[in-house]
Amino acid sequence: MNTLLSESAASGRGDGSQPAGDVITIRGGRPLRGTIEVKGAKNLATKAMVAALLGETVSTLRDVPDISDVAVVRSLLEVHGVTVDADADGTLRLDPKGAKSAAMDLIDAHAGASRIPILFCGPLLHLLGQAFIPDLGGCRIGDRPIDFHLNALRNFGAVVEKLPSGIRLSAPDGLHGANIELPYPSVGATEQVLLTAVRAKGTTELRNAAIEPEIMDLIAVLQKMGAIISYEPNRVIFIEGVDELVGYDHRAIFDRNEVASWACAALATDGDIFVAGAKQQEMLTFLNVFRKAGGWFDVREDGIQFRRAGDLKPVMVETDVHPGFMTDWQQPLIVALTQAEGTSIVHETVYENRLGFTQALNHMGADIVVHAEGLASPDRRVPRRELEQAAVITGPTPLHGADVVVPDLRGGYSYVIAALTAAGESTISNVGIIRRGYEKFFDKLTAVGADFDVVG
Ligand code: EPZ
């Protein structure tokens, strides 16, 4: 029986040392069965909210998940004078009419543990001629530099000044179009260029751009606002700057990362989960790997059903930029691979420290060895990067309960799947990080029959 705090109560303060709802105990060993509904993508909705700053009129964003990453962006927008109101169904209305500068300490106080503030640069420079961006938060899965962002902004004519608490930018002569080639198809840097180029004077050519579905959805948002953006086959994007943009009305693309997370939960626990709102087109690579790992899925009009087809099978997966296997998908998948008969390899090529979470899985009985060297693969889509790691997972290994602390968003979710797969009881702390990216997380665990209590 779950003793369940309401999501809102769970976000309050608990015993003082952790926010309430930050510690849960899980009794595992039973398949997860039920229906989960995914809303709009965390990694689109937060960016589309920033894009509203560029419009002269109100923007409406639909299917926005109720997660703290969205709350952080909302409060940053409000600090800058944007009025934001939200309906219970996840529709946000953002009115940039009152947009104004904000005091640095106020911005700092609202930036939270998020990376999105860096995307305010372009819109604020267009609007106010200046911007202050505090040091960024975000998941500790690597050192998360922003050099691609700052170099791009300088190309547009921004003056970038590093301060002890963040960066101050100014654009005394406005921003002009630029020719930019990204050293790596960075999602954030591509969004930085898009959000800056649409109102710059002249044309911008971006090469080696990220082309994730969330990026294409942001381009759709900007086009609705009046932007002129074209996309060429080989990661080249052209943006013709325009003088004025208006508000948009947009329904966010579904959250691919959440779909993959719950699919892996079904795989690991031998469960059966229907994910409403999931679409096949944007999940093709994931579905191929899911099938090769012994999964079964059925694509329906309103979502995708996920369960095992039979015994789990070992796989070799290399994370990559789109249309490759997303780095955000490898952590939940690894938990399922601990239950497969044989040896799997997961080669993480996007972040330098996104396999650290496997230590706790070994603590629960898994057999995972992480090698610092990546695997040589000559036909790789993007140049080999010096920061690569490969996890070798040998299974099947029965998992047993343990006490673990959530390290990052997807790693934390993976610990919950591992605890639900394990025999016995686990205690998971720092669960608030998971709720940053998974809306109504406790309600969803209950919906699929998880046996857990919120204890702290
Ligand atoms: C976005 O992060 C997502 N976050 C991440 O999802 C996702 O894993 C990542 O894209 C890759 O798809 C959001 O959208 C909020 P990157 P981002 O810039 O934009 C290096 C989740 O779980 N890099 O594509 O920060 C960087 O260090 C999160 O929802 C530079 O070197 O990712 C990394 O190694 C986790 N310099 C690689 O590029 C830069 O200036 C890819 O980063 C920028 C990035």
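Counting convention: from 1, in listed order, for ligands and their atoms alike. Values below: all heavy atoms of this structure, side chains included; hydrogens, waters and symmetry mates excluded. By convention here, the first residue in the shown sequence is residue 1.
Within the 4.0 Å heavy-atom criterion, both parts of Asp147, backbone and side chain, lie near ligand 1. Looking at Arg354 against ligand 1, only its side chain comes within 4.0 Å, counting heavy atoms. Contact annotation: for His149 versus ligand 1, heavy atoms closer than 4.0 Å belong to both the backbone and the side chain. If you look at Met326 next to ligand 1, the close heavy atoms, those under 4.0 Å, all belong to the side chain. Residue Val350 touches ligand 1 through backbone and side chain together, judged by heavy-atom distances below 4.0 Å. At a 4.0 Å heavy-atom cut-off, ligand 1 touches Tyr184 through the side chain alone. Under 4.0 angstrom from ligand 1, the non-hydrogen atoms of Asp328 all belong to its side chain. When heavy-atom distances to ligand 1 are checked against a 4.0 Å cut-off, Lys47 comes that close only through its side chain, counted from C-beta outward.
Using a non-hydrogen distance threshold of 4.0 Å, Ile116 registers as a contact of ligand 1. Distances from ligand 1 to the non-hydrogen atoms of Ala210 include no value under 4.0 Å. Note on ligand 1: Gln331 sits outside its first shell, no heavy atom being nearer than 4.0 Å.
In this structure, Met104 and Leu163 have side chains that are in contact, with non-hydrogen atoms separated by less than 4.5 Å. Side chains of Trp262 and Lys444 form a contact here, defined as non-hydrogen atoms less than 4.5 Å apart. For the pair Arg235/Val321, a side-chain contact is recorded, criterion being any heavy-atom separation below 4.5 Å from C-beta on. Using a 4.5 Å cut-off on side-chain heavy atoms (C-beta onward), Leu194 and Ile229 make contact.
A salt bridge links Glu191 with Lys47; the closest basic N to acidic carboxylate O contact falls under 4.0 Å. One finds a salt bridge joining Asp249 and Arg62 here, because a Lys/Arg side-chain nitrogen approaches an Asp/Glu carboxylate oxygen to under 4.0 Å. Between Arg256 and Glu214 there is a salt bridge, with a side-chain nitrogen of the basic residue lying less than 4.0 Å from a carboxylate oxygen of the acidic one. Between Arg354 and Glu348 there is no salt bridge, since no side-chain nitrogen of the basic residue lies less than 4.0 Å from a carboxylate oxygen of the acidic one.
Near Lys42, meaning under 4.0 Å from any of its heavy atoms, are these atoms of ligand 1: 21 (C), 29 (O). Of all atoms in ligand 1, listed by their number and element, those nearer than 4.0 Å to a heavy atom of Gly188 are 18 (O), 19 (O). For ligand 1, the atoms lying closer than 4.0 Å to a non-hydrogen atom of Val187 are 10 (O), 12 (O), 16 (P), 18 (O), 19 (O), 24 (O). Every atom of ligand 1 is numbered from 1 in the order shown, and the set under 4.0 Å from a heavy atom of Arg410 is 21 (C), 22 (O), 29 (O).
The backbone N or O of Ala48 sits less than 3.5 Å from a side-chain atom of Tyr248, completing a donor-acceptor pair. A donor-acceptor pair is defined here as one N or O able to donate and one able to accept, closer than 3.5 Å; such a pair exists between the side chain of Tyr413 and the backbone of Ser261. Within the 3.5 Å criterion, the main-chain N or O of Arg168 finds no donor-acceptor partner in the side chain of Glu161.
Relative orientation of the Phe441 and Tyr438 rings is tilted, given thresholds of 30° and 60° on the angle between their planes.
Nearest to atom 27 (O) of ligand 1 by heavy atom, out of Pro145, Pro183, Ala189, is Pro145.
Close N/O approach between Ser186 and ligand 1 is found [any backbone or side-chain N/O within under 3.5 Å]. Below 3.5 Å of separation, one finds an N or O of Phe148 facing an N or O of ligand 1. Any N or O atom pair closer than 3.5 Å counts here, and Arg115 shares at least one such pair with ligand 1.
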